[in-house]
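Worksheet: the structure to be examined is printed underneath.
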There are 2 protein chains.
Amino acid sequence: MAKPSTNSAPPAAKQSFDSLEQEVFLNLWRTYDRVKSLEDEVFAAVSLSAQQYNALRLLKSVYPNAMPTLVLGGRLISRAPDMTRLLDRLEKRGLLVRERRAENRRVVEVRITDEGRSLLNQIHDAVQQSHQKQFGHMSKKALCQLADLLRQARQPHEDADNLSFVDQ
Amino acid sequence: MAKPSTNSAPPAAKQSFDSLEQEVFLNLWRTYDRVKSLEDEVFAAVSLSAQQYNALRLLKSVYPNAMPTLVLGGRLISRAPDMTRLLDRLEKRGLLVRERRAENRRVVEVRITDEGRSLLNQIHDAVQQSHQKQFGHMSKKALCQLADLLRQARQPHEDADNLSFVDQ
DNA sequence: CGAAAATACTTGTTGAAACAACTGTCGTCA
DNA sequence: TGACGACAGTTGTTTCAACAAGTATTTTCG
């Protein structure tokens, strides 16, 4: 263990975990960080954040229908406390449109545009390739196991809403 | 937050994945997000970010020695392109000190202060409890398996440096 | 030696999170 | 019907992250 490190001073500060649970969390964090950066390269090429891409992806999945802002926010992979401005930026680029309907002027319906869908199509292959780069070295069995353990890990932390994601 | 929402509409938009690899990534992302928020509550109570806590944790691990800025940056769980200002904030709060030594005036040595260590001690238990809350519901075996699969997943994406974290 | 490259940070600027406070709209029930 | 609370977004402010460009300080090497 512990890769002695040819580093002069640092005595290879043994990564000592306070608990197994902490070890899992730090592993989760680091793996997420490393793997995310691969995907981010693809998004950066078209000036999107992962979160923006995700919003568009969800909008595309209900196309040609629209989606209330709050519902969209609730379905994003990671929570976003600032839907308004996230949508502002995408709307300004013409990737989606917002409209209020007379029947309930409180809700803002969001719909992806043709440009939006076209942008998604344009990067679709590159995104898939980045996923391959992320996990292509693992066996199908290991991947299923990992997905399963991840679901299991967050299961008690899901709120009643977004269960749609958990099952499946 | 809470779980209001007897959401009328959501037909549980079947989460269709383009590939197994994508499914794993989205699961990783969501699990990270959910689980991170639990830990963040603890840090928020003392106005620290997870990244700041991590830097302090590393500095404590080499105490009473100091660490060059760049080495510290390289050992953080998630990469930080802006070490300077991260350290600025912690230094301003008296949690660490920086010093340049005559032998090489380029490198800035960073050392945790007594206040810094005291702050870490102060929240140590709460941090451990949050880890329990995160993963306490999983068996030891499942946790080991998860940690192992996570290491396996990022292994090809680690750069030569931070291997110290991988093995172990 | 002395220019040029490499090293280790700093600074500037821009964009995006986070939290709180606020506005407009709708349902409800006395 | 009309006040009140719930709902759905918006705006303001502060803080943080990311990328680029700049400043010192060694090291290298012709």
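Order of the sequence lines sets the chain letters (A, B, ...), proteins ahead of strands, with each chain counted from 1.
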Using whole Å, report how far [atom1] of [X] lies from [atom2] of [N].
X	N	atom1	atom2	value
B:L48	D:dC16	CG	C1'	14 Å
A:L76	C:dA18	CG	P	12 Å
A:E103	D:dA8	CD	P	14 Å
B:Q52	D:dA17	CD	C1'	12 Å
A:L87	C:dA17	CG	C1'	15 Å
A:Q51	D:dA17	CD	P	16 Å
A:E91	D:dG9	CD	P	13 Å
A:F43	C:dA16	CZ	P	15 Å

task = Kindly state each residue pair satisfying side chain to side chain donor-acceptor pair (under 3.5 Å) with at least one member in residues 82-95 of chain B, sequence neighbours excluded.
result = B:D82-B:R85, B:D88-B:R98, B:E91-B:R98

inquiry  = Run B:L146 and A:L146 through side chain to side chain contact (heavy atoms under 4.5 Å, CB included) and show every step you take.
reply    = CA-CA 7 Å; B:L146 177 52; A:L146 178 51; 3.8 Å; yes

query = Any link between B:F135 and A:Y32 through a network of hydrophobic side chains (Ile, Leu, Val, Met, Phe, Trp, Tyr) touching at under 4.5 Å?
reply = yes

inquiry  = Check A:K36 with A:E41, please: is the shortest side-chain N to carboxylate O separation under 4.0 Å?
reply    = no

task = For A:S49 and for A:A102, locate the closest nucleotide of DNA chain C by heavy-atom distance; then report the residue assigned to the nucleotide nearer the 5' terminus.
result = A:S49

note = Tested for side-chain contact (heavy atoms from CB on, under 4.5 Å) against B:R117, the lone hit among B:L119, B:L120, B:D114 is B:D114

ask   = Considering heavy-atom distances to DNA chain D, does B:R89 or B:R79 have its closest nucleotide positioned more toward the 5' end?
value = B:R89

key: Flag, side chain of A:S130 to backbone of A:L38, donor-acceptor distance under 3.5 Å   = no

task = Could you encode protein contacts along nucleotides 4-14 of chain C as a string, one character per nucleotide from 5' to 3', using B for base contact, S for sugar-phosphate-only contact and - for no contact, with a heavy-atom cut-off of under 4.0 Å?
result = --BBSSBBBB-

